[in-house]
Amino acid sequence: MKSYEYDVLVIGAGPGGSMAARFAARNGAKVLLVEKRPEIGVPVRCAEGISRDWLETVDVKVDEKWIDANIDGAKIYSPDEKSVVELSAEKAGNEVGFVINREYFDKHLAALAVEEGAELWLKSPAIKIIKEDGKIKGAIIRKFGEEVEVRAKIIIAADGYESQVARWAGINTVLRERDIVSCIEYRMSNIDIDEKFTHFYIGSCAPGGYLWIFPKGKNEANVGIGVALNKIKEPGEVKKYLDKFIEEHPNLKKGGILQIITGAVSVCPVPKKLVDDNIMLVGDAARLIDPITGGGIANASISGRWAGEIAAKCLVNPSKECLQEYEKKVKDKWEKKHLRNWFVKEKLSELDDDTLNKLMDVISQEDISEISVRAILEAVQKKYPELIEEFEELL
Amino acid sequence: MMKVDPALCNYCGACVGSCPVNCMFLNETRVEIDEEKCIKCGFCIRTCPVGAISADWWSK
């Protein structure tokens with residue numbers, strides 16, 4: 001078997017992996033980035049909405065090539081669609097901004113990694129990790145059909161939702177049923193939508209999740225849905241929910257489907273362990289998706305940058321003690337927030353349509369200057385105190 | 001026996017990441033299942049957004 005040697009092996013060339021490879025290489029490491037697919041960014045497994053405010057953090061300049069739409073804000077619809085809560089980008093904590101084209105965006109990020117000196121192999125899945133005397137020494141990669149050994153001081157697991165590399169290494173990223181959201185999305189053309197907003201529908205149309213319309217330009221949008229696994233009984237139910245919604249909305253029904261996109265996201269608190277000797281987890285593989293929004297691109301990119309930088313610093317001593325700096329940074333940023341959002345997600349997913357309609361009615365009429373969980377709960381408490389009892393611990 | 005219907009599968013990996021015992025694998029073009037490790041929980045069958053996975057032991 002052929003053998004290769006690197007300082008850092010990054011598995012998976014999504015945003016998290018490419019950023020990790022880029023910043024490890026920029027800081028002097030010899031880096032290999034491997035991707036199992038034959039093309040970076042394909043197939044898309046994403047709704048493609050991102051905010052604007054974090055791109056600077058990962059040193060990425062906005063490029064028109066990967067922007068499909070500029071978004072002014074978000075609209076959230078009650079189950080009966082009678083109440084609409086409008087959030088400007090500022091009010092939504094800059095959670096909205098662009099709808100991007102992941103096929104171009106992901107390639108752009110991978111190109112940035114290569115620009116810094118990282119090597120990139122496509123059609124190269126990791127088959128298993130190499131362990132000697134209980135220590136991770138690299139991974140077996142099927143490089144364009146041929147199994148080869150890649151030895152590395154540090155592995156960065158960026159293999160996305162699958163999160164297999166972490167689990168091979170004995171790091172627990174197993175998800176509970178309630179923390180899995182199954183998704184399907186259609187890229188639709190010839191539909192009528194307000195192109196300046198992203199649109200979110202909640203309630204029984206998407207149990208435990210939500211339904212979204214993210215504009216991709218004139219009369220085009222990603223129309224998708226996520227449903228929590230503990231609410232799914234039959235195989236293929238998620239697609240049926242989406243088809244039903246489209247059937248009931250004439251502005252969508254008249255359109256055509258250009259692409260079918262599927263995937264799943266984790267909606268859980270930050271796992272206990274994100275590093276071990278010779279290994280670090282980033283992005284979706286580290287379960288860093290926001291449990292309320294389901295957004296993961298920013299978190300993957302930022303965690304990727306930190307992992308790459310800290311990996312380069314720890315090459316002399318790639319122990320978990322040295323890599324701990326990364327875990328601490330990630331937890332300082334997301335542990336509290338994701339735990340709170342997970343808790344809110346859990347509570348929201350138990351509310352019936354009638355309750356949600358009442359809640360949304362209050363929120364849409366109140367002039368809430370700052371959209372925060374706290375501000376919303378206080379407004380609702382004034383009118384329907386009985387609805388808030390459940391959430392009191394958050395106030 | 002478990003089956004992944006290639007006519008439906010989108011190769012997204014939703015099943016792989018949901019498997020609590022990590023017995024599934026998405027290779028370059030398809031999903032592989034190590035049935036010896038499978039605990040028959042049905043997570044993959046229900047998670048698959050398009051219903052591409054079936055098993056003779058599965059019932060609602």
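Labels below follow one simple rule: chain letters A, B, ... track the order of the sequence lines, proteins then strands, and each chain is numbered from 1. All values derive from a computational prediction rather than experimental measurement.
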Quiz item: So which part of Ala166(A) gets closer than 4.5 Å to some heavy atom of chain B, the side chain, the backbone, both or neither?
Solution: neither
Quiz item: What residue, out of Gly42(B), Gly51(B), Cys41(B), Ala52(B), has the most heavy-atom pairs lying under 4.5 Å from chain A?
Solution: Gly51(B)
Quiz item: Which pair of heavy atoms, one from Leu175(A) and one from Phe43(B), lies closest together, and at what distance?
Solution: O-CE2, 4.3 Å
Quiz item: Where does Ile180(A) contact chain B at under 4.5 Å (heavy atoms): side chain, backbone, both or neither?
Solution: side chain
Self-check item: Segment of Leu8(B) engaging chain A (4.5 angstrom heavy-atom cut-off)
Solution: neither
Quiz item: Do the non-hydrogen side-chain atoms of Glu28(B) and Leu122(A) ever get within less than 4.5 Å of each other?
Solution: no
Self-check item: Heavy-atom pair count under 4.5 Å with chain B, highest-scoring of Asp179(A), Val238(A), Ile232(A)
Solution: Ile232(A)
Quiz prompt | Separation of Glu162(A) CD from Cys12(B) SG (nearest 0.5 Å) | solution = 8.0 Å
Self-check item: Ile260(A), part contacting chain B, at a heavy-atom distance under 4.5 Å
Solution: both
Quiz prompt | Contact leader toward chain B among Arg37(A), Lys240(A), Glu237(A), where contacts are heavy-atom pairs under 4.5 Å | solution = Arg37(A)
Quiz item: Just by distance, do the side chain of Gln164(A) and the backbone of Met24(B) share a donor-acceptor pair under 3.5 Å?
Solution: yes
Quiz item: What are the two closest heavy atoms between Asn27(B) and Lys36(A), and how far apart are they?
Solution: O-CD, 4.2 Å
Exercise. Would you name the heavy atoms of Pro49(B) and Cys183(A) that are closest together and state the gap between them?
Key: CG-O, 3.1 Å
Practice problem: Assess whether atom CE of Met1(A) is packed by more than 12 heavy atoms of other residues, nucleotides or ligands within 6.0 Å. | Solution: yes
Quiz item: Is atom CZ of Arg178(A) surrounded by more than 12 heavy atoms (other residues, nucleotides or ligands) closer than 6.0 Å?
Solution: no
Quiz item: If you count heavy-atom pairs under 4.5 Å between each of Arg176(A), Lys239(A), Arg45(A) and chain B, which one has the most?
Solution: Arg45(A)
Quiz item: Are the side chains of Ile127(A) and Phe25(B) in touch, meaning some heavy atoms are under 4.5 Å apart?
Solution: yes
Practice problem: Considering non-hydrogen atoms only, spot the tightest contact between Ser18(B) and Tyr161(A) and give its length. | Solution: OG-OH, 2.7 Å
Exercise. Test side-chain contact (heavy atoms from CB on, under 4.5 Å) on Arg46(B) and Val227(A) and set out the steps.
Key: CA-CA 11 Å; Arg46(B) 288 189 296 124; Val227(A) 179; over 6 Å; no
Quiz item: Where on Arg167(A) is there a heavy atom nearer than 4.5 Å to chain B: the side chain, the backbone, both, or neither?
Solution: both
Quiz prompt | Considering all heavy atoms, the nearest Val174(A)-Pro20(B) contact | solution = CG2-O, 3.6 Å
Exercise. Please say whether more than 12 non-hydrogen atoms of neighbouring residues, nucleotides or ligands are located less than 6.0 Å from NZ in Lys3(B).
Key: no
Practice problem: Check each of Thr262(A), Ile184(A), Ile261(A) against Asn10(B) using the side-chain contact (heavy atoms from CB on, under 4.5 Å) test, and report the only one that passes. | Solution: Thr262(A)
Quiz item: Nearest 0.5 Å, what's the CG-CG distance between Leu26(B) and Asp159(A)?
Solution: 10.5 Å
Quiz item: So, for Gly263(A) and Ala14(B), which heavy atoms are closest and what is the spacing to 0.1 Å?
Solution: C-CB, 3.8 Å
